[in-house]
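Whatever order the structure lists ligands and atoms in, that order sets their numbers, starting from 1. Scope of the values below: all heavy atoms of this structure, side chains included, with no hydrogens, waters or symmetry mates.
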Amino acid sequence: MKKEKLRIAIQKSGRLNEDSLKILKDAGISIDNGKEQLKATARNFPLEVMYLRNGDIPQYLRDGVVDVAIIGENVLIEKGKDIIQGQKLGFSKCRVSLAVPKSVKYNGIRDLDGKKIATSYPNTVNEFLEKKGISAELHIINGSVEIAPNIGLADGICDIVSSGSTLFKNNLKEVEVMLKSEAILAISPKITGERQAILDKLQFRIKSVLNARTSKYILLNSPNDKLEKIIALLPGMRSPTVLPLAEEGWSSVHTVINEERFWEVIDELKENGAEGILVAPIEKMVI
Ligand SMILES: Nc1ncnc2c1ncn2[C@@H]1O[C@H](COP(=O)(O)OP(=O)(O)OP(=O)(O)O)[C@@H](O)[C@H]1O
Ligand SMILES: O=P(O)(O)OC[C@H]1O[C@H](OP(=O)(O)OP(=O)(O)O)[C@H](O)[C@@H]1O
Ligand SMILES: [Mg+2]
C-alpha cells in the first residue's frame with residue numbers, strides 16, 4: 001500500500017518563504033528544492049511541499065487540497081476563520097494597523113467615520129470598524145497601499161506594519177493597531193486521521209526547534225557561599241546542575257534559561273560573584 005504523505009503549503013516567494021524552509025530544515029526535514037519547482041518531496045519525512053501564494057492558501061486548506069500550511073496569522077483572520085490554527089512559529093511578526101497622514105490631527109476612531117480607507121484586508125477592517133460603530137468606505141487594493149493617501153485615493157489606510165518605516169516614508173502615522181500577527185501553522189478542517197498522525201510528529205519536532213531557539217545553555221562559575229542566590233536567579237529545566245571546581249570554594253553551574261530572562265538577570269549574577277559566564281546555543285530541546 002502507498003504510504004500516506006502530509007501535504008504542506010509554504011509561501012512560494014516573499015516574507016515567509018525563507019523562514020518556513022528554515023524551520024523545516026531545523027526540524028531535520030530535508031527537501032530537494034529545485035527553485036522553480038512548485039512541488040517537492042522531503043527525503044527523510046513523509047512530507048510533500050507545495051509552494052503557493054500566501055493569499056491563496058486558506059482556500060486550498062478549506063478544499064483539503066493541502067493538509068497544513070505556514071501562513072501569516074493575519075491572512076487567516078482576514079479569510080480563514082474556518083481554518084484550524086496550530087502552533088505559532090515566532091517569525092514574521094507584524095501588526096495590522098490603521099494609519100492616516102501625519103499632518104492630520106487624530107482624536108480617535110470617530111474621526112474615520114464616513115472616510116475612505118485603502119486596504120488589502122477589507123474583512124479585518126470592516127469587522128474592526130463595526131465593533132466600534134463606525135462605517136467607512138473601503139478601497140480594496142492589493143499592494144502599495146501606503147501610497148493611497150498621497151495620490152488622493154483615500155483618507156487613511158489599513159496595512160501591515162512592522163518597523164514602521166514604510167509608513168514613515170509615506171508621511172503616515174499609525175493610529176490604531178487592529179491585530180498582531182506572526183507566522184502560524186494552519187490546518188485543514190478536512191485533514192485525515194493518518195495525515196493528522198504525521199502532523200503530530202511534525203508539530204512535536206517544530207516545538208523542539210522553537211524551544212531551543214528561545215533558550216540558551218548557560219555555564220558559569222560561582223563562589224560556594226553565593227550558590228544559593230545564583231541558583232535562585234537561574235531556574236533550569238528541572239533545576240541547575242552544580243559541579244565542584246578543582247579550585248576549592250567554587251562551583252560550576254549549568255542550566256538552561258530563556259534568553260530574555262538571561263539578559264534580565266545578568267547584572268545580578270555578576271553582582272553575586274558569578275564569573276566566566278558562557279552562553280551556548282541549543283540545537284533541539286525536548287521537554
Ligand atoms: N514587513 C513585514 N514584517 C513582518 N512580517 C510581514 C511583513 N509584511 C508581511 N509580513 C507577514 O508575511 C506575510 C507574507 O507577506 P508577503 O508580503 O511576503 O506576501 P503577500 O504579498 O502578502 O502574499 P502572497 O504570497 O499571496 O503574494 C504576511 O501575510 C504577513 O503575515
Ligand atoms: O513597517 P515596515 O517594516 O516598513 O513593513 C511594512 C511593509 O511591509 C509589507 O510590504 P512588503 O515589503 O512585503 O511589500 P509588498 O507590498 O510588495 O508585499 C507591508 O505591506 C508594508 O508595506
Ligand atoms: Mg507584503
Please say whether more than 12 non-hydrogen atoms of neighbouring residues, nucleotides or ligands are located less than 6.0 Å from NZ in Lys5. no

Quick one: which ligand 1 atoms are inside 4.0 Å of a heavy atom on Gly14? 18 (O)

May I ask whether Gly143 places a heavy atom under 4.0 Å from ligand 2? no

If you measure from OG on Ser92 to CD1 on Ile71, what distance do you get to the nearest 0.5 Å? 11.5 Å

Is Arg110 paired with Asp113 through a side-chain N to carboxylate O contact shorter than 4.0 Å? yes

Counting heavy atoms not belonging to Lys102, are there more than 12 under 6.0 Å from its NZ? yes

Do you know which of Glu174, Glu182, Glu176 makes salt bridge (charged side-chain N to carboxylate O under 4.0 Å, His left out) with Arg95? Glu174

Under 4.0 Å from a heavy atom of Val161: give me the atoms of ligand 2 that qualify, with their elements. 1 (O)

Which of the numbered atoms in ligand 2 are under 4.0 angstrom from any heavy atom belonging to Asp159? 19 (C), 20 (O), 21 (C), 22 (O)

Would you mind running through ligand 2 and noting each atom that sits below 4.0 Å from a heavy atom of Glu146? 21 (C), 22 (O)

Per-atom contacts, ligand 2 versus Gly164 - under 4.0 Å to a heavy atom: 1 (O), 2 (P), 3 (O)

At a non-hydrogen distance cut-off of under 4.0 Å, which region of Asn54 contacts ligand 1 (side chain, backbone, both, or neither)? both

Crowding at CD, Glu18 (>12 non-hydrogen neighbours, <6.0 Å): no

Side-chain ion pair, Arg195 and Glu4, N-O less than 4.0 Å: yes

Considering only heavy atoms from C-beta outward, does the side chain of Pro122 approach that of Glu78 to under 4.5 Å? yes

Can you confirm whether more than 12 heavy atoms, excluding those of Lys284, are under 6.0 Å from its NZ atom? yes

What I want to know is whether Ser144 and ligand 2 share at least one N or O pair that is separated by under 3.5 angstrom. no

For ligand 1, does Gln11 get within less than 4.0 Å through its side chain, its backbone, both, or neither, judged by non-hydrogen atoms? side chain

So if I count the atoms of ligand 1 from 1 in the order they appear, which ones are less than 4.0 Å from some heavy atom of Ile160? 7 (C), 8 (N), 9 (C), 28 (C), 30 (C)

Using distance alone, decide if ligand 1 has a nitrogen or oxygen within less than 3.5 Å of any nitrogen or oxygen in Asn74. yes

Between Leu167 and ligand 2, which residue portion shows a heavy-atom distance shorter than 4.0 Å: side chain, backbone, both, or neither? neither

Can you find a heavy atom in the side chain of Leu234 that is under 4.5 Å from one in the side chain of Leu220? yes

Nearest candidate to atom 24 (P) of ligand 1, where distance is taken over non-hydrogen atoms, out of Glu73, Arg53, Lys93: Arg53

Quick one: are Pro223 and Trp250 in side-chain contact, heavy atoms under 4.5 Å? yes

For ligand 1, which atoms, with element, lie under 4.0 Å from some heavy atom of Gly72? 31 (O)

Val75 neighbourhood, listing ligand 1 atoms whose heavy-atom distance to it stays under 4.0 Å: 29 (O)

In ligand 1, which numbered atoms sit nearer than 4.0 Å to a non-hydrogen atom of Gly55? 26 (O)

Pull out every atom of ligand 2 sitting under 4.0 Å from any heavy atom of Ser163, numbered as shown with elements. 1 (O), 2 (P), 3 (O), 4 (O)

